[in-house]
Protein chains: 2
Amino acid sequence: MNQFEQLKERLSEVGLKATQQRMVIFHSIMTSKNHPSAENIFEQVKSSNPSLSLATIYSTLETLVDKGLVKKVLVKDGVMRYDAHIGTHNHIYCTNTSEIIDFEDEELNQMIKKFLASKNIENLNIKDISLHIEGEKIDKRKSVKIN
Amino acid sequence: MNQFEQLKERLSEVGLKATQQRMVIFHSIMTSKNHPSAENIFEQVKSSNPSLSLATIYSTLETLVDKGLVKKVLVKDGVMRYDAHIGTHNHIYCTNTSEIIDFEDEELNQMIKKFLASKNIENLNIKDISLHIEGEKIDKRKSVKIN
DNA sequence: TCTTAATTAGGAATCATTCTTATTTAAAAA
DNA sequence: TTTTTAAATAAGAATGATTCCTAATTAAGA
Ligand SMILES: [Mn+2]
Ligand SMILES: [Mn+2]
Ligand SMILES: [Zn+2]
Ligand SMILES: [Zn+2]
């Protein structure tokens with residue numbers, strides 16, 4: 001099964017028609033390393049799909065989020081960002097470059113999850129837990145490294 | 001020193017003129033239990049201050065955030081919320097009521113801080129760390145309780 | 001191939017927030 | 001206390017991300 005068929009399958013699995021637009025948009029988010037915004041995806045996609053509209057990007061993103069294929073990532077700059085990495089993980093947001101950097105650490109996830117389980121939280125059905133780290137990149141040209 | 005004088009002092013401390021508007025707005029956030037939005041504050045304040053404009057609310061909030069007297073709280077509904085509780089603490093966001101509930105736990109804060117210190121993160125000057133818990137309130141009439 | 005409900009394109013509308021500018025004011029100086 | 005003036009505000013306009021509307025298109029099942 002090629003990549004195209006795999007995308008089709010993932011859409012069908014959640015009960016969505018495998019339209020060209022959805023394939024293209026979903027593929028774009030999946031292959032982006034940048035937690036793209038709707039506008040970013042639009043730019044990325046429009047040269048090879050000139051008739052695809054921005055409204056479709058927004059509505060498709062909403063659909064993919066509803067079906068759990070994509071997650072929204074909040075940042076303080078007023079533009080929603082999207083992430084095809086669905087598993088529990090955390091983010092570093094660089095205020096001076098607008099980068100969102102994945103911070104994956106299973107030990108941290110487990111530690112937080114265990115801690116929260118130990119406090120029982122009444123009358124809440126928890127859907128998502130994530131740690132937000134916000135900071136300034138010191139040298140904008142270099143990347144942030146975690147050891 | 002009365003409450004009025006205290007507000008005045010806190011503004012002066014950070015080099016801000018103690019204007020009527022700033023006093024009123026700052027006081028409103030401080031006494032709100034609800035992580036209010038700009039609009040919420042405007043509603044709260046306008047009957048006793050009919051000439052205070054929404055633009056002043058926004059610009060004052062920005063100023064207070066800059067000076068570190070107030071923090072922004074992000075949520076997925078497209079409206080910025082504000083918090084006069086400056087110390088490190090975490091938030092629970094109820095997607096079905098839009099409530100933001102404080103989750104204060106010094107043990108958790110320390111645990112996360114210590115963990116992050118142990119991974120050294122290169123080329124980043126960390127400004128803020130916060131854990132976001134998102135979920136649905138089960139019974140909307142009751143409150144979320146943490147034990 | 002036909003049918004049809006779901007989806008999309010494109011433009012208009014919304015609405016939270018920011019901007020602009022004339023007017024007002026807090027607070028320092030006289 | 002009065003004067004001075006840089007900073008702050010009011011009011012409305014502008015912005016921009018997102019959502020809405022509706023006629024045209026299309027995926028997928030019959
Ligand atoms: Mn967040
Ligand atoms: Mn907006
Ligand atoms: Zn991510
Ligand atoms: Zn809080």
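Reminder, nothing fancy here: chain letters follow the sequence lines and each chain counts from 1.
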Pairs under 3.5 angstrom only: tabulate donor-acceptor contacts from the side chains of residues 67-80 of chain B to other protein residues two or more places apart or in another chain.
{"residue": "B:Lys71", "atom": "NZ", "partner": "B:Ile86", "partner atom": "O", "Å": "3.3"}
{"residue": "B:Lys71", "atom": "NZ", "partner": "B:Asp128", "partner atom": "OD1", "Å": "3.3"}
{"residue": "B:Lys72", "atom": "NZ", "partner": "B:Glu62", "partner atom": "OE1", "Å": "3.3"}
{"residue": "B:Lys76", "atom": "NZ", "partner": "B:Glu134", "partner atom": "OE1", "Å": "3.3"}
{"residue": "B:Asp77", "atom": "OD1", "partner": "B:Val79", "partner atom": "N", "Å": "3.2"}

Degree of bending, the helix from C:dT1-D:dA30 to C:dA30-D:dT1 (end axes from five pairs; round to 10°) | 40°
Among [range], which residues get a heavy atom nearer than 4.0 Å to DNA chain D?
range: residues 33-65 of chain A; answer: A:Ala55, A:Tyr58
range: residues 79-86 of chain A; answer: A:Val79, A:Met80
range: residues 15-28 of chain B; answer: B:Lys17, B:Thr19, B:Gln21, B:Arg22

Whole-Å distance between [N] [atom2] and [X] [atom1]?
X: B:Asp77; N: C:dC15; atom1: CG; atom2: P; answer: 14 Å
X: B:Leu11; N: C:dT25; atom1: CG; atom2: C1'; answer: 15 Å
X: A:Leu7; N: D:dA27; atom1: CG; atom2: C1'; answer: 16 Å

Is the closest side-chain donor-acceptor distance between B:Thr63 and B:Asp66 under 3.5 Å?
-> no
Following the transitive rule for hydrophobic clusters with a side-chain heavy-atom cut-off under 4.5 Å over Ile, Leu, Val, Met, Phe, Trp and Tyr, establish whether B:Met111 and A:Ile129 coincide in one cluster.
-> yes
Residue pairs involving residues 60-101 of chain A (criterion ring-ring contact (aromatic ring centres under 6.0 Å, His included); sequence neighbours excluded) | A:His35-A:His91, A:His85-A:His89, A:His89-A:His91
Residues which pass side-chain hydrogen bond (donor to acceptor under 3.5 Å, both in side chains) with [X], listed by chain and number, not counting sequence neighbours:
X: A:Gln110; answer: A:Glu106
X: A:Glu39; answer: none
X: A:Asp139; answer: A:Arg141

Around A:Gln3, counting heavy atoms of other residues, nucleotides and ligands shown, do more than 12 lie under 6.0 Å from its CD?
-> no
Are there more than 12 heavy atoms of other residues, nucleotides or ligands under 6.0 Å from atom NZ of B:Lys113?
-> no
Residue pairs fulfilling side chain to side chain donor-acceptor pair (under 3.5 Å) with at least one residue in residues 9-25 of chain A, sequence neighbours excluded = none
Do the side chains of B:Phe115 and A:Leu131 get nearer than 4.5 Å, heavy atoms only?
-> no
Hydrophobic cluster of A:Ile138, others only, ordered by chain and residue number, side-chain cut-off 4.5 Å = none
Side-chain donor-acceptor pairs of residues 41-48 of chain A under 3.5 Å, sequence neighbours excluded:
{"residue": "A:Gln44", "atom": "OE1", "partner": "A:Ser28", "partner atom": "OG", "Å": "3.3"}
{"residue": "A:Ser48", "atom": "OG", "partner": "A:Val45", "partner atom": "O", "Å": "3.4"}

